Asks: 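Please read through the structure below; I'll follow up with questions.
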Amino acid sequence: MSRFYITTPIYYINAEPHLGHAYSTMVADAVARAHRLLGDDVFFLTGTDEHGQKVERAAQKAGMPPNRFADVVAAKFRDLLPSLHASNDDFIRTTEPRHHASVQALWRRVRDRGHIYKGEYAGWYCTVDEVFVPETQLVDRRCPICGNAVERIAEESYFFRLSAFQQPLLDHYRRHPDFVTPTVRRNEMMTFLEAGLDDLSISRTSFTWGIPVPDDPAHVMYVWFDALTNYMTAAGFGSDDAASQQRFARYWPADVHLIGKEIVRQHAIYWPAFLLAADLPLPRQIVSHGWWLMDGAKMSKSKGNVARPRDYIERFGLDALRYFVFREMVFGQDANFADEAILTRYNADLANDFGNLVSRATTMIHRACGGRVPAPVASLLGRPDEQRLQEKVARLIAQVRDAVTVFQLSSALRDIWEVIADTNRYIVVREPWKLAKAADRQDELATSLYVAADTLRVIAELLRPFMPATAERTLTMLGVTAEAASWATLAPGTLVAGTHLGDTSPLFPRIEQTVEELRLMSNENSNPPTVPDAVPASPPAPPPAVAAAPAAAATGTITIDDFMKVELRIARVLAAERVPKSKKLLKLQVDTGADQRTIVAGIAEAYEPEALVGRTIVVVANLQPAKLMGVESNGMVLAGSIDGGPPVLVGFDRDMPPGARVR
Ligand code: MSP
């Protein structure tokens with residue numbers, strides 16, 4: 001049994017988890033599950049990166065001591081894992097004592113081998129990415145990675161002799177062409193290496209939220225030195241007990257560090273250099289994926305354009321979200337995250353193609369064969385349609401196995417869905433519903449339903465890494481209960497005739513609502529965001545739970561011209577009524593000075609409709625119309641709210657006429 005150690009990045013805890021983070025975890029999970037199915041001894045690690053100036057400042061802003069703040073936010077990352085069905089074997093926090101010991105042990109090893117010296121650092125630092133930025137790479141005094149302002153630092157610092165590792169790293173890259181994938185990232189790193197390496201500042205004295213440097217506690221370690229070491233900590237490094245040491249011997253080096261493309265340099269240059277300096281084995285592979293974009297920009301907390309996994313799980317179910325992210329993102333490239341695309345894939349691929357196939361096949365077996373998998377007739381199995389399908393299924397098993405182990409999740413799913421389409425076509429060709437009515441064609445009926453059920457069983461087994469719950473449910477409907485799930489013996493034609501089917505239940509009921517209606521439903525059900533400054537009283541388009549617009553500039557500020565694009569006007573409420581079946585929505589008829597229009601506002605829990613008539617309000621007059629619970633809304637009403645509490649309408653201290661602009 002070979003062992004397979006896979007890691008996700010450990011996530012910064014300055015913000016709550018978003019879909020970008022969840023994606024890394026879900027991909028690592030799918031690959032870990034596939035390796036388990038292949039019989040490997042898998043160790044799958046994820047966790048949180050809790051030190052550094054960024055977290056220290058976020059804690060200050062939240063008015064909490066950093067350790068308390070770290071506990072609260074790290075719990076959100078940890079709590080998200082079960083709802084993603086993550087099958088991680090460990091969750092590491094860099095604030096744990098085991099990690100403290102491990103990082104200090106690594107520091108000592110590197111120092112004792114002469115690769116750390118004390119000097120003075122003067123330069124630019126980006127606290128968002130926690131990186132030093134060479135002057136030549138600044139873009140208008142901003143970080144080239146995230147666009148945020150950098151800070152000038154001048155302080156005593158320990159340096160790591162990174163420059164000494166240029167040649168050893170180049171040699172390693174040449175000896176291991178797959179060390180960094182995809183190739184585009186490997187090439188970037190080779191170019192970076194060939195240009196020569198500067199020594200790296202690896203300690204700071206200007207803040208304290210970090211792991212102290214051994215024998216010099218005025219310094220805390222550079223957060224990346226600390227963070228990268230997590231991968232060894234969890235494998236047992238730095239611990240004196242024999243069991244941990246055995247574990248380290250078994251699981252280190254890691255097979256794959258799965259990361260996003262923005263942190264390749266730290267993983268593919270700094271980390272292997274630290275390990276070479278410490279005389280420790282290097283990870284086998286650094287695999288990087290692309291970014292989820294929202295309106296063309298990287299989804300990230302600092303831009304404010306994040307999707308919350310919870311919202312999508314609520315709306316579509318976890319497996320639909322997993323399917324979408326694996327299928328939609330060609331691994332390594334960027335992809336756009338759009339609600340319309342999820343809805344389309346849900347209804348087309350999941351409800352129509354797969355869900356209907358499962359329910360059609362199992363329902364027919366219940367009706368025509370008394371709920372037991374019928375026995376096929378060998379001669380009929382030899383017909384071209386049956387042969388073709390079974391050969392394709394056999395090929396599919398190999399294709400999926402090969403693709404998933406090299407992270408090609410999208411192509412694995414595409415291939416699975418091709419066979420789903422073939423199976424649907426096969427059923428249409430064989431027309432078992434007609435065969436069921438012909439007493440002399442029962443052999444054909446049995447064979448066709450056997451082939452369909454047998455194919456579905458293989459498909460469900462192959463779906464295990466991607467959509468674990470769906471795979472289980474499908475197998476249960478087919479009556480297959482594996483003691484230990486395994487791909488070792490998976491082959492077409494092995495479903496046992498006579499197997500009793502379980503009850504059929506719909507896997508992916510079709511969603512008839514529009515994207516807007518779905519957003520609204522989850523707004524109605526979801527908890528308020530944790531720390532909102534103000535919430536719009538009308539469901540905004542798009543609402544914050546789905547896709548807050550990215551800030552215009554990377555600075556997070558907008559120009560006066562940007563602001564003036566929003567036409568805020570005074571309006572008077574002419575009529576108000578509740579929107580049927582909605583707890584939160586009121587339908588308002590308003591006079592904006594220029595016209596009379598309908599606006600749907602999410603204020604029903606705070607205002608009685610009658611009390612609003614005649615009242616002066618402020619509306620966004622040039623918002624694109626949106627349909628909310630079937631009612632077209634032509635604008636948005638402004639209100640404030642404390643910590644997501646009830647909305648309070650914006651008003652004036654004297655009477656104002658409808659139509660006046662607010663600015
Ligand atoms: N703490 C560091 C990693 C240290 S690893 C020793 C860090 N944390 S992070 O929270 O900012 O990001 C972690 C990872 O989240 C990224 O590398 C990436 O895998 C994932 N993503 C964050 N935003 C993302 C997208 N918009 N799209 C896809 N993945 C993204 O960097």
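The shown structure was predicted, so the numbers you read here are calculated from the model rather than taken from an experiment. One-based numbering, in listed order, for ligands and for the atoms of each.
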Asks: Would you call the rings of F274 and F160 parallel, tilted or perpendicular, where under 30° means parallel and over 60° means perpendicular?
Replies: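 Rings of F274 and F160: perpendicular, as their planes differ by over 60°.
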
Asks: Side-chain contact test, heavy atoms from C-beta onward, threshold under 4.5 Å: evaluate it for N148 versus T127 and give yes or no.
Replies: no

Asks: Please name all residues satisfying side chain to side chain donor-acceptor pair (under 3.5 Å) with Q266, sequence neighbours left out, ordered by chain then number.
Replies: none

Asks: What is the distance from atom OG of S201 to atom CZ of F225, rounded to the nearest 0.5 Å?
Replies: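 Rounded to the nearest 0.5 Å, the OG-CZ separation comes out at 12.5 Å.
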
Asks: Kindly assign one of parallel, tilted or perpendicular to the pair H257 and W252, based on the angle between their ring planes and the thresholds 30° and 60°.
Replies: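 If you compare the ring of H257 with that of W252, the planes turn out tilted.
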
Asks: Collect the protein residues that have a non-hydrogen atom under 4.0 Å from ligand 1 and hand them over in chain and number order.
Replies: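 The answer is P9, I10, Y11, Y12, H18, G20, H21, S24, D49, W224, A227, L228, N230, Y231, I259, G260, E262, I263, H267, H289, G290, W291, W292, K298, M299, counting any residue whose heavy atom sits under 4.0 Å from ligand 1.
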
Asks: Determine the minimum heavy-atom distance between V150 and C143, stating which atoms define it.
Replies: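 Scanning both residues completely, I find the closest heavy atoms to be CG1-N, 3.7 Å.
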
